[in-house]
2 protein chains.
Amino acid sequence: MVAITIKDVAALAGVSVATASRVLSGNPATSPDSRARVVAAVTELDYRPNAQARALRSTRSDSIGLLVSDVRNPFFADLAHTVEQAALAAGYVTLLGNANERKEQQDRYLDTLISRRVDGIIVAPLGDGSGSIRSLITREIPTVFVDRTVDGLDIPSVTTDSEAGIRQAVEHLAAAGHTRIGYISGPQATSTGRDRFAAFTRAIAGTGLSQDPELVYFGDYQAASGSAGVHALLQLRRPPTALLAADSLMAVGAIAILHKLGRRIGADIALIAFDDIEWFALLNPALSVISHSVEEMGRIAVDMLLQVIDGAKPESVVLPSELIVRASSSTPTSPASGPSLRTN
Amino acid sequence: MVAITIKDVAALAGVSVATASRVLSGNPATSPDSRARVVAAVTELDYRPNAQARALRSTRSDSIGLLVSDVRNPFFADLAHTVEQAALAAGYVTLLGNANERKEQQDRYLDTLISRRVDGIIVAPLGDGSGSIRSLITREIPTVFVDRTVDGLDIPSVTTDSEAGIRQAVEHLAAAGHTRIGYISGPQATSTGRDRFAAFTRAIAGTGLSQDPELVYFGDYQAASGSAGVHALLQLRRPPTALLAADSLMAVGAIAILHKLGRRIGADIALIAFDDIEWFALLNPALSVISHSVEEMGRIAVDMLLQVIDGAKPESVVLPSELIVRASSSTPTSPASGPSLRTN
DNA sequence: CGTGGATATGGAATCGTTTCCATGGAAACG
DNA sequence: CGTTTCCATGGAAACGATTCCATATCCACG
């Protein structure tokens with residue numbers, strides 16, 4: 001690693017280090033002559049300023065951190081993509097971290113991002129306000145929560161209002177004749193897990209369907225727990241005729257095991273997933289989903305973070321969700337269709 | 001942003017900055033007494049060392065860069081995940097960049113990573129050896145290519161041998177009676193695009209199938225071009241009865257438009273995709289794929305990069321690929337089944 | 001008791017920038 | 001022509017850590 005510093009540039013251009021620095025940072029107090037010579041020297045030497053040193057002195061790093069809970073979740077992959085593009089347009093690089101739905105990894109990454117003195121952090125938080133999350137507040141590091149929030153922390157956020165979408169889904173299933181709807185919930189350690197579960201409970205109560213607590217399975221937002229949830233729910237003495245999965249990965253797990261068990265989605269059992277993933281529409285039957293806009297969420301999050309960095313205190317934003325009906329839930333089912341198969 | 005520096009720690013602990021630094025970096029030349037006091041001061045102040053300053057002085061940043069061509073491509077999302085986990089285990093943080101299959105974004109991210117003085121870079125490169133890629137070499141920055149390579153550059157890489165998988169796929173289709181196989185190729189600006197196309201061409205020649213150049217459509221590894229490819233291929237006077245897509249996203253595009261056109265995959269037309277994505281098995285019919293191991297690729301890439309950082313010069317690794325037959329290609333087709341529909 | 005080696009410590013230089021401050025010269029003004 | 005203003009410039013001080021070097025203390029040994 002051969003290191004070329006601003007000293008080399010200054011020497012080649014025949015100016016002082018200070019002047020070279022000024023030219024490089026666009027300071028107007030430079031003559032056209034020295035500007036030209038510095039620029040020439042820079043290209044000749046293929047000089048790249050050392051971002052560490054620059055950040056050290058100027059206390060800005062022109063970078064933001066994005067901490068998602070699982071990169072492999074298409075929702076967060078899309079989010080990462082839009083955040084990264086929006087940040088790039090504003091002149092920031094995005095350092096992406098992956099908490100893997102685990103609190104200790106979240107803390108580790110937060111520590112790292114804090115150490116690297118990023119100018120701001122966008123995080124889909126996990127757990128309560130303990131651990132490194134608290135440091136964000138005490139250090140007054142510009143932070144925006146995305147998709148999820150943490151109770152009791154006064155941090156601007158952009159989230160989805162699950163209520164409308166989930167109510168529509170439940171009403172849609174009820175209208176099709178379903179009375180027992182199984183719910184594969186997200187973890188209660190996340191705000192979305194709690195919100196969506198609460199919305200489901202309210203919707204069920206509102207439509208007068210079965211409130212049997214056995215119809216709820218608590219998963220962890222990862223594929224395997226979707227499979228486990230289906231397995232558990234179908235083993236009930238009176239199994240559900242419709243399923244609602246609280247995120248896309250658990251829906252994937254659910255679909256996989258339903259295939260294996262030979263249950264035909266949309267015929268034997270209805271299925272609706274939270275999160276609209278491009279290829280859910282390609283499944284046969286196409287999957288009904290509760291959709292919310294990732295692009296908007298990412299864009300707004302970056303926007304809000306820039307405001308926070310500038311010292312403002314933006315209002316939190318709540319985006320709408322809405323049901324998109326496709327074939328996986330469109331076939332009306334008579335409440336007691338077929339024998340109630342037991343699985344094992 | 002309240003800044004707590006090592007000076008504050010030293011002052012509170014009643015030792016010098018040098019001693020505090022020694023305790024923090026695990027230097028044995030410290031007394032148990034000062035160790036205890038420094039540690040206490042650190043927790044009391046919630047001190048996090050400034051990574052910039054540390055990196056500036058010690059010329060190590062304990063971070064690596066990973067530049068993928070598209071985060072939304074599940075293959076690269078998985079790769080990002082495994083690389084990130086492997087790097088974390090080795091004590092490195094991963095800065096993820098997204099080139100978006102665009103050369104100028106690749107260059108921009110490379111510049112950024114170079115500026116941040118990452119200890120090494122793993123990149124799925126795009127284009128030829130021009131632009132910022134060249135700087136990696138001249139600056140002797142530890143670099144490993146993953147998935148793709150760049151001709152003429154002497155950089156260790158871990159790639160997939162497409163030959164075997166593609167040959168198996170073509171032979172499998174030929175055995176099922178297909179004589180005209182359409183190929184939706186990746187861009188020729190990438191090594192995988194070229195390699196897979198060459199492998200396809202050789203396999204076709206080897207099995208004596210139609211070498212009609214019209215049967216090849218050149219896409220760009222993104223979903224839309226998969227749709228465009230299917231559209232173009234089906235409009236031929238003698239359309240193919242089987243399709244091979246060179247990556248998963250183009251396969252998604254292909255599936256989407258085949259659905260829209262009412263062509264039944266696995267019955268009206270066979271389809272095989274390169275890259276095994278978890279949910280491809282969930283499609284109905286399940287998608288036949290050419291599979292290669294992302295986990296291994298990511299793990300090996302990190303491993304190799306650590307070796308390069310340590311000054312070694314590891315051999316490049318080529319991983320195998322293999323055909324996994326599922327329903328999308330299993331139905332034998334008679335060469336001239338049905339009327340040759342035109343689409344528009 | 002004096003010398004030597006080991007050990008813990010603090011002072012200060014250093015990394016590559018940015019930025020404050022002082023300076024010199026040119027231009028502008030009366 | 002003298003004074004003021006302005007502007008480009010260079011020297012040097014930061015930024016927050018690591019690390020070299022010198023020093024002080026202590027123990028052991030002859």
Side-chain angles (χ1 to χ4, degrees), chain A residues 1-39 41-42 45-63 111-112 114-119 139 141, chain B residues 1-39 41-42 45-63 111-112 114-119 139 141:
Chain A
M1 287 236 234
V2 220
I4 295 166
T5 78
I6 200 173
K7 270 187 207 156
D8 304 318
V9 172
L12 180 61
V15 297
S16 74
V17 172
T19 302
S21 170
R22 273 187 278 259
V23 171
L24 289 169
S25 55
N27 189 312
T30 50
S31 67
D33 178 53
S34 41
R35 252 193 305 263
R37 299 167 61 180
V38 169
V39 168
V42 164
L45 294 175
D46 188 31
Y47 164 76
R48 312 289 157 100
N50 182 323
Q52 325 275 6
R54 186 202 293 262
L56 179 59
R57 179 60 228 240
S58 56
T59 66
R60 306 196 49 204
S61 63
D62 289 323
S63 62
D111 285 353
T112 304
I114 294 173
S115 277
R116 308 203 128 246
R117 301 292 193 271
V118 290
D119 295 337
R139 289 167 176 267
I141 294 170
Chain B
M1 286 234 235
V2 223
I4 294 165
T5 76
I6 199 171
K7 269 187 206 155
D8 304 318
V9 173
L12 180 62
V15 298
S16 74
V17 171
T19 303
S21 169
R22 273 187 280 258
V23 171
L24 289 170
S25 55
N27 189 312
T30 51
S31 68
D33 177 51
S34 40
R35 253 194 303 263
R37 300 167 62 177
V38 169
V39 168
V42 164
L45 295 174
D46 189 31
Y47 164 76
R48 313 290 158 99
N50 183 322
Q52 325 275 7
R54 188 202 292 262
L56 179 59
R57 180 60 226 247
S58 55
T59 64
R60 304 196 51 206
S61 63
D62 289 325
S63 62
D111 286 352
T112 304
I114 294 174
S115 277
R116 307 204 129 247
R117 301 292 193 269
V118 290
D119 295 337
R139 288 166 177 269
I141 294 170

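These numbers come from the heavy atoms of this one structure, side chains and all, not from hydrogens, waters or symmetry mates. These figures come from a predicted structure and were not determined experimentally. Within every chain, numbering begins at 1; the chains are lettered A, B, ... in the order of the sequence lines, protein sequences first and strands thereafter.
- Scanning residues 19-35 of chain B for heavy-atom distances under 4.0 Å to DNA chain D yields Ser21(B), Arg22(B).
- Between chain A and DNA chain C, the heavy-atom contact criterion of under 4.0 Å yields a 5' to 3' nucleotide range of dG16(C) to dC20(C).
- For the atom pair Thr59(A) OG1 and Gln52(B) CD, the distance stands at 10.5 Å (nearest 0.5 Å).
- Listed by chain and number, the residues in a side chain to side chain donor-acceptor pair (under 3.5 Å) with Thr5(B) amount to none (sequence neighbours excluded).
- Shown here are the side chain to side chain donor-acceptor pair (under 3.5 Å) partners of Thr112(B), two or more places apart in sequence or in another chain: there are none.
- Partners of Arg116(B) by side chain to side chain donor-acceptor pair (under 3.5 Å), not counting sequence neighbours, listed by chain and number: Ser63(A).
- For Ala13(B), the side chain to side chain contact (heavy atoms under 4.5 Å, CB included) test picks out Val15(B), Arg37(B), Val38(B), Ala41(B), with sequence neighbours left out.
- Counting any heavy atom pair closer than 4.0 Å across all strands shown, Val15(A) reaches sugar-phosphate atoms only and no base atom.
- Residue pairs meeting the side-chain hydrogen bond (donor to acceptor under 3.5 Å, both in side chains) criterion with at least one partner in residues 8-24 of chain A, sequence neighbours excluded, are Ser16(A)-Thr19(A).
- Here Arg35(A) pairs with Val23(A), Thr30(A), Pro32(A) under the side chain to side chain contact (heavy atoms under 4.5 Å, CB included) rule; sequence neighbours left out.
- Between Arg60(A) atom CZ and dC15(D) atom P there is a gap of 19 Å when expressed in whole angstrom units.
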With both pairing distances under 3.5 angstrom for Watson-Crick or G-U wobble, and | for a partner in another strand, the correct string for DNA chain D is ||||||||||||||||||||||||||||||
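- Take Ser31(B) and apply the side chain to side chain donor-acceptor pair (under 3.5 Å) test, not counting sequence neighbours, and it matches Ser34(B).
- The salt bridge (charged side-chain N to carboxylate O under 4.0 Å, His left out) check on Arg48(B) picks up Asp111(A), Asp46(B), with sequence neighbours excluded.
- The side chain of Arg57(A) places no N or O atom within less than 4.0 Å of a non-bridging phosphate oxygen (OP1 or OP2) of dA14(D).
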